[in-house]
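Quick notes on the structure that follows.
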Amino acid sequence: MPVTVLLVDDEPLVRAGLRAVLEAESDIEVVGEAADGAAVIPLVRRLRPDVVAMDVRMPLLDGIEATRAVLRTVADPPKILVVTTFENDEYVYEALRAGADGFLLKRACPAEIVHAVRLVAEGESLLFPSSVRQLAAAYGDAAGNPAARAVMERAALTEREAQVLRLMAGGLSNAEIAARLVVGTETVKSHVSAVLAKLGARDRTQAVIAAYESGFVAPG
């Protein structure tokens with residue numbers, strides 16, 4: 001089954017460019033487009049895309065609020081890939097905090113665009129881990145967010161789960177974590193699932209943001 005994608009951007013040329021790049025791949029299908037975040041929820045409910053590629057800055061409803069709205073109101077929501085002009089942008093970090101699964105630069109080459117969509121759809125690796133770390137260092141609370149610290153304390157991760165979370169924050173995939181810890185990939189998947197459940201995170205990106213926000217992992 002192909003990865004289905006909904007494109008959301010107020011610039012028609014950006015949408016056309018993304019569509020051309022993605023539809024050149026046999027395993028990716030663009031199922032719809034929207035010019036503003038305000039149109040996302042009905043389209044997501046009707047089209048059920050796997051991934052929403054969404055501009056972070058739009059005139060009526062920006063990507064941050066649209067992300068929050070989708071995750072709050074849509075059952076089994078899609079992965080959300082924020083599309084942005086600038087990598088080191090507070091809007092991008094706020095979108096990740098709101099629940100976005102990763103971000104994509106508008107100047108990215110076709111191979112990077114395709115890789116980002118596939119990786120976010122699979123959900124077994126963190127997209128651009130060094131950039132997420134830089135954003136957390138620039139815009140996160142260096143002392144640790146009290147609410148995030150409380151969540152981390154309540155999670156009571158085991159020593160192995162804590163190891164896995166730190167390796168996730170380093171950008172390692174499940175296979176790479178398995179090799180590092182000398183365990184099977186299925187064992188790693190079980191640990192990752194336990195970490196997500198304990199932190200109330202829907203995916204590894206949100207778990208890593210929680211790790212940075214709580215001070216559990218230092219982003220610097």
Side-chain angles (χ1 to χ4, degrees), residues 37 40-41 44 51-52 54-58 61-84 86-104 120 123-172 174 177 188-220:
V40 169
I41 289 178
V44 165
V51 177
V52 177
M54 181 152 53
D55 190 9
V56 73
R57 298 173 186 261
M58 292 178 285
L61 191 69
D62 65 30
I64 299 170
E65 290 305 319
T67 295
R68 290 194 180 108
V70 168
L71 299 182
R72 186 174 61 247
T73 63
V74 176
D76 191 21
K79 302 289 187 180
I80 297 178
L81 183 61
V82 169
V83 182
T84 180
F86 304 107
E87 183 174 9
N88 190 23
D89 186 342
E90 188 172 5
Y91 272 71
V92 174
Y93 188 63
E94 287 303 315
L96 294 176
R97 292 181 73 188
D101 303 279
F103 66 92
L104 174 67
V120 165
E124 289 199 358
S125 297
L126 187 67
L127 184 60
F128 305 139
S130 61
S131 296
V132 174
R133 184 165 57 250
Q134 291 165 9
L135 287 166
Y139 302 112
D141 187 343
N145 181 293
R149 284 203 306 270
V151 169
M152 189 62 68
E153 289 169 4
R154 287 196 301 272
L157 300 180
T158 66
E159 183 176 346
R160 180 63 91 185
E161 289 163 356
Q163 276 184 301
V164 168
L165 179 55
R166 290 189 179 96
L167 293 172
M168 286 164 58
L172 275 66
N174 288 350
I177 293 172
V188 172
K189 288 182 179 179
S190 295
H191 288 314
V192 170
S193 295
V195 169
L196 300 186
K198 288 184 175 183
L199 293 177
R202 81 184 191 109
D203 58 29
R204 66 201 301 134
T205 301
Q206 300 314 306
V208 169
I209 291 293
Y212 289 143
E213 289 283 299
S214 65
F216 179 79
V217 175

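The figures that follow rest on heavy atoms only: side chains count, while hydrogens, waters and symmetry mates do not. Note that the structure is a prediction, hence the values are computed from the model and not measured.
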What is the distance from atom OG of S193 to atom NZ of K198, rounded to the nearest 0.5 Å?
12.0 Å
Kindly say whether D62 contributes a backbone atom to a donor-acceptor pair with the side chain of R57 at under 3.5 angstrom?
no
Donor-acceptor pair, Q206 side chain versus A100 backbone, under 3.5 Å?
yes
Beyond-backbone contact of M168 with I177, side-chain heavy atoms, under 4.5 angstrom:
yes
Show me the donor-acceptor pairs within less than 3.5 Å that the side chains of residues 70-77 make with the rest of the protein, sequence neighbours left out.
from: T73; atom 1: OG1; to: A69; atom 2: O; distance (Å): 2.7

Using the side chain to side chain donor-acceptor pair (under 3.5 Å) criterion, which residues pair with E65? Sequence neighbours excluded.
R68
Considering non-hydrogen atoms only, spot the tightest contact between V192 and V164 and give its length.
CG2-CG1, 3.8 Å
Would you call S214 and V151 a side-chain contact if the rule is heavy atoms closer than 4.5 Å?
no
Heavy-atom pair of closest approach, residues Y212 and V217:
CD2-O, 3.4 Å
Can you see which heavy atom on R202 is nearest to which on I80, and at what distance?
NH2-N, 3.8 Å
Does the side chain of K189 come within less than 4.5 Å of E124's, by heavy atoms?
yes
To the nearest 0.5 Å, tell me how far R97 CZ sits from T67 OG1.
14.0 Å
I need the minimum non-hydrogen distance between F103 and L96, along with the two atoms involved.
CD2-CD1, 4.4 Å
pair L165-L199: side-chain heavy atoms closer than 4.5 Å:
yes
Check: N145 side chain, A148 main-chain N or O, donor-acceptor pair, under 3.5 Å:
yes
Going from CG on L172 to OG on S125, what distance comes out if it is rounded to the nearest 0.5 angstrom?
8.5 Å
Got a second to check how far M54's CE is from L104's CG, nearest 0.5 Å?
13.0 Å
Report the residue from V40, V44, V51 that forms a side-chain contact (heavy atoms from CB on, under 4.5 Å) with P78.
V44
Classify the side-chain pair R160/Q163 by whether it contains a donor and acceptor separated by less than 3.5 Å.
yes
So do L127 and V132 actually touch side chain to side chain, heavy atoms under 4.5 Å?
no
Between Y93 and A136, the two heavy atoms sitting closest are CE1-CA, 3.6 Å
Looking only at non-hydrogen atoms, find the nearest pair between G123 and R204 and report the distance.
O-CD, 3.3 Å
